[in-house]
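To keep things clear, I will list the structure first and then write my remarks on it.
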Amino acid sequence: ELAIYERMPDQLINNCFFSFILVTIIELERDGFSQNPFYHCLVAEVPETHKSTEGHTTVGYVLYYYTYSTWKGRCIYMEDLYVMPDFRERGIGKSLVASIAKVGTEQQCMHLQFSVLDWNKPSLDFYMSKGAQDLTAKEGWHLLRFDGVALIKLAQEAP
Amino acid sequence: MAHYKLRKAEPEDVTDILRLIKELAKIVEKEDQVMLTEKDLLEDGFGEHPFYHCIVAEVPAEQQKVEGYSVIGFAMYYFTYDPWIGKLLYLEDFFVMKEYRCLGIGSEILKNLSVTALKSGCHSMHFIVAQSNEASINFYKRRGALDLSLAEGWRLFRIDKQCLLNLSAEE
């Protein structure tokens with residue numbers, strides 16, 4: 001659901017878009033619930049009596065992991081935050097963010113980082129109201145990626 | 001041509017790693033913002049569940065251009081997660097002392113990291129670069145990197161510790 005929101009906010013669902021999501025349930029289980037997990041997750045759950053029209057009681061989540069700053073040390077990174085549309089405007093999103101802030105402070109993290117798409121005004125406004133700084137605007141940081149063919153080519157040049 | 005080797009950092013390297021971190025911070029005039037100590041680096045990088053991994057570039061004693069320093073470059077990285085594609089390698093810091101630049105050491109470090117990424121089952125390697133650092137951006141783009149901030153509109157945000165404390169009190 002979050003993938004649809006991020007890629008096509010005002011358009012109809014395009015079936016071919018789902019090919020972007022490669023992770024399977026098996027991989028999510030392996031990568032998040034082993035002895036050395038690659039991610040952690042908090043979910044928002046409603047009672048059975050308040051479940052969604054499709055019957056879901058898990059209505060939101062925040063996925064995060066620990067990172068490291070060479071200047072400050074341990075940090076926490078919020079990778080995904082999502083609440084189903086029918087459950088918005090009830091403070092669930094704010095609770096999820098507050099929960100991850102609590103995890104971060106308990107784990108002695110120096111800051112929380114995350115990325116937001118530049119068109120996502122509701123999220124931008126929310127985070128700025130909580131004291132977030134836009135490092136891309138303020139300090140010019142850009143996120144770069146080597147993936148797929150580019151990563152393989154880079155590796156093949158290694159001795 | 002300098003002879004050097006790339007190797008996994010050992011606990012004894014934390015002194016050199018911190019020296020290089022501070023040297024890099026000095027270039028951007030932020031040396032006073034480096035709060036990490038050798039003790040932090042030791043605990044956080046060489047314990048049971050390390051927060052980071054590090055490779056260093058080392059030259060033999062007879063090749064030292066700066067007396068007393070054989071560790072002349074480093075790259076610090078860790079593993080992150082994209083729920084669409086799975087594991088990623090995130091390159092946090094990457095630095096070669098100025099006396100050893102233009103010898104291909106930076107390129108070798110990058111290649112070494114890409115091999116590590118693929119062997120670890122990662123689909124992608126991510127990192128951030130300041131927009132003003134055109135030399136680095138061109139270095140990475142020449143090797144196939146994509147600027148996600150330009151291409152997809154991603155902006156990086158940070159909430160500092162005090163605001164985190166305030167937020168957690170709102171739970």
Side-chain angles (χ1 to χ4, degrees), chain A residues 3 20-23 27 31 36 38-39 63 65-74 77 79-80 94-95 97-99 101-102 104-105 110-119 127 130-137 139-147 149-155 157-158, chain B residues 21 25 30 33-36 40 44 49 51-52 76 78-87 90 92-93 110-112 114-115 117-118 123-132 140 143-150 152-161 163-168 170-171:
Chain A
F20 279 110
I21 302 176
L22 304 177
V23 162
E27 283 161 341
D31 296 337
N36 292 310
F38 283 86
Y39 71 88
L63 191 147
Y65 41 77
Y66 296 101
T67 61
Y68 204 75
S69 157
T70 46
W71 292 2
K72 297 179 182 174
R74 298 178 194 184
Y77 191 92
E79 173 65 35
D80 262 4
K94 288 178 191 173
S95 286
V97 174
S99 297
K102 190 174 175 197
T105 51
M110 300 309 289
H111 61 234
L112 164 69
Q113 287 197 176
F114 49 96
S115 299
V116 184
L117 286 162
D118 57 10
W119 55 257
Y127 293 125
K130 298 297 176 190
Q133 300 171 66
D134 181 340
L135 298 180
T136 297
E139 298 177 13
W141 290 105
H142 280 217
L143 177 64
L144 271 71
R145 176 182 75 197
F146 279 107
D147 72 348
V149 172
L151 188 62
I152 293 169
K153 265 184 81 175
L154 203 55
E157 291 176 32
Chain B
I21 286 170
K30 304 260 182 163
Q33 291 195 27
V34 177
M35 313 300 291
L36 270 190
D40 294 327
D44 297 337
H49 299 293
F51 280 82
Y52 71 87
M76 181 185 278
Y78 40 82
F79 296 100
T80 62
Y81 205 78
D82 181 324
W84 291 12
I85 55 175
K87 284 183 278 185
Y90 188 89
E92 173 64 30
D93 250 2
L110 204 58
K111 290 169 200 171
N112 183 291
S114 61
V115 170
L118 290 168
H123 291 86
S124 197
M125 179 159 70
H126 283 205
F127 48 98
I128 56 172
V129 185
Q131 191 178 8
S132 57
Y140 293 123
R143 285 157 179 78
L146 175 67
D147 185 332
L148 295 175
S149 293
L150 282 180
E152 297 180 8
W154 288 102
R155 282 153 65 171
L156 179 65
F157 281 77
R158 181 178 67 211
I159 296 182
D160 283 333
K161 196 165 185 181
C163 295
L164 273 188
L165 285 164
N166 296 341
L167 254 178
S168 60
E170 289 180 29
E171 192 198 19

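What's counted below: heavy atoms across the whole structure, side chains too, no hydrogens, waters or symmetry copies. The shown structure was predicted, so the numbers you read here are calculated from the model rather than taken from an experiment. So that the names make sense, note that chain A is the first sequence line, chain B the second, and so on, each numbered from 1.
Of the two parts of B:Ala130, the backbone and the side chain both hold a non-hydrogen atom closer than 4.5 Å to a non-hydrogen atom of chain A. Using a 4.5 Å cut-off between heavy atoms, B:Met76 contacts chain A through its side chain alone, with no backbone atom that close. Interface remark: A:Tyr65 contributes side-chain atoms only to the contact with chain B (heavy atom separation under 4.5 Å). With a 4.5 angstrom heavy-atom cutoff, B:Gln33 touches chain A via backbone and side-chain atoms both. With a 4.5 angstrom heavy-atom cutoff, A:Leu135 touches chain B via backbone and side-chain atoms both.
Ranked by heavy-atom pairs shorter than 4.5 Å toward chain A, the options B:Leu150, B:Asp44, B:Leu110, B:Asp93 are led by B:Asp44. For the set B:Lys30, B:Lys87, B:Met35, the entry with the most heavy-atom pairs within less than 4.5 Å of chain A is B:Lys87. Ranked by heavy-atom pairs under 4.5 Å with chain B, the first of A:Asp118, A:Leu143, A:Thr136, A:Val149 is A:Leu143. Each of A:Ser115, A:Gly131, A:Ala132, A:Ala137 has some count of heavy-atom pairs under 4.5 Å with chain B, and the biggest count is that of A:Ser115.
To the nearest 0.5 Å, atoms CG (A:Leu112) and NZ (B:Lys161) are separated by 13.5 Å. Taking CD of A:Glu27 as the reference point, atom OH of B:Tyr81 lies at 6.5 Å (rounded to 0.5 Å). Annotation: the span from A:Gln113 atom CD to B:Leu156 atom CG amounts to 4.5 Å, rounded to 0.5 Å. Summarising the geometry, atom NE2 belonging to A:His142 is positioned 3.5 Å from atom CD belonging to B:Gln131; distances are rounded to the nearest 0.5 Å. Rounding to the nearest 0.5 Å places CZ of B:Phe79 at 11.5 Å from CG of A:Asp31.
Considering every non-hydrogen atom in both B:Asp160 and A:Gln133, the closest pair reads OD2-NE2, 2.8 Å. Minimum interatomic distance between B:Leu36 and A:Ser69 (heavy atoms only, all atoms of both residues): CD1-O, 3.7 Å. Considering all non-hydrogen atoms of both residues, A:Ile152 and B:Leu118 come closest at CA-CD1, 3.9 Å. What you find for B:Val129 and A:Trp141 is that their closest heavy atoms are C-CE3, 3.4 Å.
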- Could you please spell out the steps behind the side-chain contact (heavy atoms from CB on, under 4.5 Å) verdict for A:Thr67 and B:Glu92? CA-CA 9 Å; A:Thr67 61; B:Glu92 173 64 30; 5.7 Å; no
- Task: For A:Glu79 and B:Thr80, run side-chain contact (heavy atoms from CB on, under 4.5 Å): C-alpha distance rounded to whole Å, both residues' side-chain angles, the deciding distance at 0.1 Å, then the answer.
- Result: CA-CA 9 Å; A:Glu79 173 65 35; B:Thr80 62; 5.8 Å; no
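B:Asp40 is listed as a side-chain neighbour of A:Tyr68, based on a closest heavy-atom distance under 4.5 Å.
Residues B:His123 and A:Asp147 have side chains that never bring a donor and an acceptor to within less than 3.5 angstrom of each other.
Residues forming a side chain to side chain contact (heavy atoms under 4.5 Å, CB included) with B:Ala145 (at least two apart in sequence, or on another chain): A:Leu144, A:Phe146, B:Phe127, B:Tyr140. Partners of B:Ser149 under the side-chain hydrogen bond (donor to acceptor under 3.5 Å, both in side chains) rule, at least two apart in sequence or in another chain, do not exist in this structure.
Note on ring orientation: taking the six-membered ring where Trp is involved, the planes of A:Tyr66 and B:Phe51 are perpendicular (angle over 60°, cut-offs 30° and 60°).
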